[in-house]
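See structure below.
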Amino acid sequence: MTDISPETIAQHGIKPDEYQRILDILGRAPNLTELGIFSVMWSEHCSYKSSKKWLKTLPTTAPWVICGPGENAGIIDIGDGQAIIFKMESHNHPSFIEPYQGAATGVGGILRDVFTMGARPIANLNALRFGDPSHPKTRHLVAGVVAGIGGYGNCVGVPTVGGETNFHASYNGNILVNAMTVGLADQSRIFYSAAAGIGNPVVYVGSKTGRDGIHGATMASAEFNEDSEEKRPTVQVGDPFTEKLLIEACLELMATDAIVAIQDMGAAGLTSSSFEMASKGGLGIEMDLDAVPMREQGMTAYEIMLSESQERMLMVLKPGKEAMAKAVFDKWELDFAIVGTLTDTGRMILKRNGRIEADLPIDPLAQASPEYDRPWVVPAKRPVIDAKDVPAVEATEALKTLLACPDLASKRWIWEQYDHMVMGDTVQRPGGDAAVVRIHGTPKAVAMTTDVTPRYCQADPYQGGRQAVAEAYRNLSAVGALPLAVTDNLNFGNPEKPEIMGQIVEAIRGMGEACRDLDFPVVSGNVSLYNETAGAAIQPTPAIGGVGLLQDVTRSASLSFKAAGNAVVLFGETKGWLGASLYLREVCGREEGAPPPVMLHRERRKGELVRALIAEGLVEACHDVSDGGVLVAVAEMALAGGIGAQVDHPSTLPLHAWCFGEDQGRYLLEVRQDQLATVLEQAAAQDVTARVIGTTGGTVISIGGRAVELAELKALNEGWLPGYMGAEIAQH
Amino acid sequence: MKAAVIVFPGSNCDRDVAVALEASMGAKPLMVWHRDTELPEVDLIAVPGGFSYGDYLRCGAMAAHSPIMREVKARADRGTRVLGICNGFQILTEAGLLPGVLMRNSGLKFICRDVHLKVENDRSDFCRYYRAGDVVRFPIAHAEGNYFADPRVFAEMEDNGQVAFRYCSADGAVSAATNPNGSLGNVAGIYNDRFNVLGLMPHPERLAEEVLGGADGKRMFDSLVEALS
């Protein structure tokens with residue numbers, strides 16, 4: 001047996017105090033296999049040891065929540081005995097090292113989290129952050145990540161219906177790839193991971209185990225440095241074809257009553273799946289690793305337990321169901337192997353070549369992982385910026401600049417590489433406020449969105465956390481869907497630094513308040529820390545994946561202007577807030593100021609009003625006002641519909657502040673003239689500020705005595721990303 | 001009309017085409033597993049889109065050798081209508097039921113978007129509800145839809161009227177600018193020389209319902225029901 005040296009312990013990312021804890025738990029020194037198991041189970045990625053204390057403060061319940069955080073994914077009730085199961089998860093570090101496979105396996109992993117619970121995946125979304133476009137690596141990373149997401153999602157046949165993409169220099173060395181899957185299940189056929197039934201067989205299905213991905217979870221819990229690219233061998237390789245077969249085989253078996261418990265093998269592979277199943281069931285497992293289907297010869301117990309080979313699942317079957325279950329997996333040409341038995345010992349015993357390679361108590365590993373209350377400081381508040389101190393650039397010129405900037409430019413180049421229509425239920429495709437996918441065979445639909453504004457979170461993580469949740473709420477309301485619940489993907493820097501820990505604490509506090517006030521609980525999530533390169537952290541990026549429900553998909557709104565001569569109505573107050581705005585960054589070159597505050601009580605009232613108006617058929621088009629302010633929102637509606645607008649500037653504010661201020665809680669509605677009075681009356685009755693700011697029609701956007709052709713705006717908006725990516729081909 | 005949908009490992013538009021067929025037929029089509037060697041008597045065989053065998057080796061190449069394909073070929077020879085969509089089109093070319101090949105898109109990327117198609121030849125059971133010259137809108141979703149055939153073969157196909165659909169603009173103009181993938185002659189779909197087999201890259205089943213954004217595709221399924229009932 002290899003001696004455990006301090007170097008070996010450090011290489012496994014285990015701190016000296018954590019090693020002492022291991023000695024206390026075992027009453028002896030661990031062997032290498034056991035040390036490897038501790039290291040992945042106690043990695044930040046698997047144990048949430050830095051964030052757990054704060055995650056507990058988030059609201060996770062509501063009458064419609066069937067299962068909150070702690071399982072593979074969250075579950076909500078959508079009526080008629082049906083449930084939506086969803087989660088978002090990061091694959092940031094692998095995607096930076098090997099963008100195609102990193103992103104592809106990110107999609108594969110989140111799909112498994114959802115179908116392991118009994119849901120058929122019906123939609124994928126993603127939230128991507130790349131470095132500055134001028135950074136030499138950015139283009140290559142965009143190309144690889146997008147191809148990887150498409151390559152995997154297109155092949156498994158789940159539509160990729162939405163997402164968001166930002167560019168900022170803080171992500172130069174740490175891109176973010178957050179993938180979300182939404183699935184549909186019968187409430188009577190939901191599967192959990194708690195093992196039960198002493199003597200029941202533990203079964204391995206899916207792909208064979210190889211040496212790929214060993215220590216992926218540990219890699220995802222460390223800062224990057226110049227050597228990071230040498231970690232490429234730890235990135236897993238995905239096989240979406242096998243995943244597709246695995247989905248069909250698992251759902252086919254799930255339609256029977258053979259499965260007691262099931263868990264996918266994600267980060268930390270066979271280790272975390274077996275320990276989690278045993279721990280949740282309060283049982284032990286005895287596993288014969290010789291029975292594990294292997295791709296390579298001579299794999300050690302250490303390698304088998306830590307492999308992160310993809311497309312694998314572990315399940316506990318009812319006794320006597322083995323042959324029937326095997327027949328299903330044989331049909332789909334997937335491996336099926338009985339690898340162990342449930343015991344009442346509470347211990348994990350692993351055998352290899354007839355020898356016991358590990359004998360570990362399960363609960364201390366799975367549940368007594370370290371939990372830190374790391375020191376933190378509240379980030380310094382930035383000053384509020386007065387619009388008078390911000391240069392006024394002529395509105396149509398500023399609009400052109402904004403619509404062509406990387407964050408607002410059309411992402412069509414990305415989503416046209418994703419099959420967003422397979423499964424035949426995509427009602428609102430990418431490019432709108434939220435994607436809308438019909439519940440197959442019903443008039444109902446789910447609406448989905450991913451949101452966060454990292455520049456607000458950098459300026460003030462508390463307001464940024466509130467805003468991310470509120471924007472998801474608005475995007476769902478803008479298509480007419482009732483917001484039900486969120487999944488979160490918290491991406492931050494090194495939590496061992498008090499200022500970063502302060503960002504985490506403050507962002508979670510803001511998110512928690514918003515989720516509570518909007519009845520929009522967190523049902524699943526993922527934390528990705530140590531997103532730093534050479535000591536520089538990313539902008540705090542707590543991405544929110546929101547899910548809402550439409551009872552009747554024909555009573556939904558989209559953002560495109562529908563006809564000329566309609567009124568453009570603005571809901572919400574405009575004060576011209578330019579601090580931390582895109583105008584300030586993209587037009588003035590300044591990244592400063594406090595971000596706009598979010599008024600949660602008004603947020604809810606406005607959302608309810610917008611949804612009611614859409615359900616009553618009083619809204620021709622609807623769009624939430626976010627990045628870039630009112631004029632950008634008008635232009636986006638105009639571009640989507642191919643119909644211009646005459647915009648009036650009714651306020652006493654400076655024109656640039658009114659056009660581009662990012663005051664929160666606002667929506668734009670296109671309303672027919674004969675329905676305008678009704679809409680304004682209902683707004684007044686709900687005490688919502690509503691104002692007609694223009695009229696649809698023509699082929700220009702006009703404001704302040706100037707006009708700009710839609711064709712010109714379209715060329716700018718649609719041209720940036722293909723132009724940027726096209727340069728890649730020209731270089732080669 | 002009776003219809004069968006062939007399901008290969010990796011097919012992922014099998015349900016979509018079954019839904020569209022059922023909407024037009026009023027009955028569910030049979031779903032036939034690729035390993036089956038017998039096929040019940042049907043009027044239409046649909047070979048759906050997806051990534052049969054993961055597109056490994058070459059798109060459609062492995063599925064073309066599935067046990068069921070021998071029977072599909074025999075039925076096509078006997079005149080049964082066969083419709084191959086997207087990966088199904090690739091499989092039919094690999095199986096020799098349609099001439100030519102589908103190569104990597106000229107832009108090298110997967111493309112998912114609505115395209116306009118000009119109906120070139122409506123004299124088949126697939127196109128009774130279209131008229132030659134009609135412009136219809138179907139979505140494409142593929143990385144290998146770049147049609148190619150030997151020039152002599154292609155000239156013969158053109159003479160025979162075997163081109164069913166061409167990529168065009170919204171007003172029906174066929175040009176390089178309206179060709180999404182580099183296909184020879186802007187070809188989006190072709191018939192065999194007996195006009196009982198149609199292969200096309202665009203997905204009629206994806207725009208067969210107004211709530212999804214259009215119903216131009218429904219007319220193809222209605223045509224088949226009209227012809228084969």
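Computed from heavy atoms alone, side chains included, the values below leave out hydrogens, waters and symmetry copies. All chains are named by letter (A, B, ...) in the order of the sequence lines, taking the proteins before the strands, and each is independently numbered beginning at 1.
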Response to the item:
Given B:G49, B:G54, B:S11, the one with more heavy-atom pairs under 4.5 angstrom with chain A than any other is B:G54
Pick whichever of [options] has the most heavy-atom pairs under 4.5 Å with chain B.
{"options": "A:N154, A:T554, A:D425, A:V158", "answer": "A:N154"}
{"options": "A:Q428, A:E333, A:E248", "answer": "A:E333"}
{"options": "A:C155, A:G424, A:A147, A:G157", "answer": "A:C155"}
{"options": "A:M421, A:R412, A:K244", "answer": "A:M421"}
{"options": "A:V436, A:V553, A:D239", "answer": "A:D239"}

For [X], is it the side chain, the backbone, both, or neither that has a heavy atom closer than 4.5 Å to a heavy atom of chain A?
{"X": "B:V211", "answer": "both"}
{"X": "B:Y53", "answer": "both"}
{"X": "B:L108", "answer": "neither"}
{"X": "B:E205", "answer": "neither"}

Worksheet item: Where does A:V156 contact chain B at under 4.5 Å (heavy atoms): side chain, backbone, both or neither?
Response: backbone
Discussion item. Can you tell me which portion of A:R429 sits under 4.5 Å from chain B's heavy atoms? Options are side chain, backbone, both or neither.
Written reply: side chain
Worksheet item: Taking everything shown except B:R70 itself, do over 12 heavy atoms lie less than 6.0 Å from its CZ?
Response: no
Worksheet entry | Atom NZ of A:K444: over 12 foreign heavy atoms under 6.0 Å | yes
Item to complete: Answer yes or no for A:R139 and A:Y724: cation-pi contact, defined as NZ/CZ to six-membered ring centre under 6.0 Å and angle to ring axis within 45°.
Response: yes
Discussion item. Is the positively charged end of A:K331 above the ring of B:W33, judged by distance under 6.0 angstrom from the centroid and angle within 45° of the axis?
Written reply: yes
Item to complete: Inspect the contact between B:R137 and B:D216 and indicate whether a charged nitrogen and a carboxylate oxygen are less than 4.0 angstrom apart.
Response: no
Worksheet entry | Lys/Arg N to Asp/Glu carboxylate O, B:K109 vs A:E416, below 4.0 Å | no
Fill in: Side-chain touch B:V174/B:Y167, heavy atoms, less than 4.5 angstrom
no
Practice prompt. Return the orientation label for the A:H420 and A:W415 ring planes: parallel under 30°, perpendicular over 60°, tilted otherwise.
Written response: perpendicular
